[in-house]
Protein chains: 2
Amino acid sequence: MLSKKAKYAIKALIRLADHQGEPVRIADLARTEQIPPKFLELILLGLRNNGVLQSRKGKGGGYLLARDPAKIYLGQIVRMFDGPLAPVPCASQTAYVPCADCRNEAVCGVHLAMKEVRDATAKVLDGTSLASLRRKVDRVALLDHNR
Amino acid sequence: MLSKKAKYAIKALIRLADHQGEPVRIADLARTEQIPPKFLELILLGLRNNGVLQSRKGKGGGYLLARDPAKIYLGQIVRMFDGPLAPVPCASQTAYVPCADCRNEAVCGVHLAMKEVRDATAKVLDGTSLASLRRKVDRVALLDHNR
DNA sequence: ATTTACCCTATCTATCAGATAGAGTTAAAA
DNA sequence: TTTTAACTCTATCTGATAGATAGGGTAAAT
């Protein structure tokens, strides 16, 4: 399950990618994306402290992307809030932890199957940037509009 | 995250697939797979009530697969204990629920990306049966032994 | 009749997701 | 220089749920 934090983070980032260069206020973001403002505050702070966003204080301030949206991948965002992508720690690439109850991991069916799930998930999320996601949405929106 | 229930269920099912036709006692299964016995009892009961296992009471009793291991897919097991595979309800095929905070799902980036994750996960889990998983494990075990 | 083993419901506990509160700090603008 | 808009940070609350345990009930084989 994707946490609300990760979900809200992605929604906010997509929106910020539409305002490149322009700071956007927490309050505005919260309103347009239907996110509890104080909760969003926490999320954006996390993104900032992880180098994904930068902020400007004071009047006229707000948040903006810290780098090119083509270089911001969903994999990083999801891991930041929800931890490793793998369904079990022993199948994680970025945060491997062996199972206490596993005699031989190499021949463990759970390990084998979940590694495949992890790889499939990582392929999608580490292969999707804010920029590519935006392009996809635009493409769908066009089709949606033409029907 | 895969719950312990789903993980234990898969481990137990793999073991049961090795004993086709022969009932296996909860206590034996619990010992060999390092699972708390009473917890495993609950899990096996669930599998039975969902038609995956059958049971025999009394002396010489135990649990056994209710059907061909080639017809038991991990997707069913995981959904049974952990709910839909999709990271968000709006991306679920088997348990679709729209998001309250979503104006237009067709052009929602989160929806789009998570649908891809769901599809990738479902492809793996609905494509893996107990029988095919066992074959894979055997293949790996052979390699592991030959090194 | 007795033993073995599954059947079922209730309950406990710790953790955590989701959310809120409020005082503090910075920087731009008046 | 004062004001004010906005981000910064820590603490806390609450309800839900995962993981696990307890214990009496029921069926079948010997």
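Reminder, nothing fancy here: chain letters follow the sequence lines and each chain counts from 1.
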Whole-Å gap separating [atom2] ([N]) and [atom1] ([X]):
X: A:R48; N: D:dA6; atom1: CZ; atom2: P; result: 17 Å
X: A:L42; N: D:dA11; atom1: CG; atom2: P; result: 13 Å
X: B:L40; N: D:dT21; atom1: CG; atom2: C1'; result: 14 Å
X: B:F39; N: D:dT17; atom1: CZ; atom2: C1'; result: 12 Å
X: B:D82; N: D:dG19; atom1: CG; atom2: C1'; result: 12 Å
X: A:R25; N: C:dA28; atom1: CZ; atom2: P; result: 16 Å
X: B:N49; N: C:dT9; atom1: CG; atom2: C1'; result: 13 Å
X: A:L29; N: D:dA6; atom1: CG; atom2: C1'; result: 14 Å

Cationic N near anionic O, under 4.0 Å, A:D82 to A:K5: no
message: Do the side chains of B:D126 and B:R79 get close enough for a salt bridge, i.e. N-O under 4.0 angstrom?
response: yes
Base, sugar-phosphate, or nothing: which does [X] touch, judged by heavy atoms less than 4.0 Å apart?
X: A:Y8; result: sugar-phosphate
X: B:I26; result: sugar-phosphate
X: A:K4; result: sugar-phosphate

message: Both A:L2 and A:E41 contact DNA chain C. Which one's nearest nucleotide lies toward the 5' end?
response: A:L2
Base of [N] paired with side chain of [X] (donor-acceptor, under 3.5 Å):
X: A:K38; N: C:dG22; answer: yes
X: A:Q54; N: D:dC7; answer: no
X: A:K7; N: C:dG18; answer: no

- prompt: Between A:S55 and A:K59, who's closer to the 5' end of DNA chain D by nearest nucleotide?
  reply: A:K59
- request: Please report the shortest heavy-atom distance between A:K11 and B:V110, naming the atom on each side.
  value: CG-CG2, 3.6 Å
message: Quick check on the hydrophobic clustering: are B:V78 and A:L2 connected, directly or via other members, by side-chain heavy-atom contacts under 4.5 Å?
response: no
task: Keeping the roles fixed (side chain from A:T121, backbone from A:V117), state whether a donor-acceptor pair exists under 3.5 Å.
output: yes
- prompt: Counting side-chain heavy atoms from CB outward, which of C:dT20, D:dC7, D:dC9 is closest to A:L45?
  reply: D:dC9
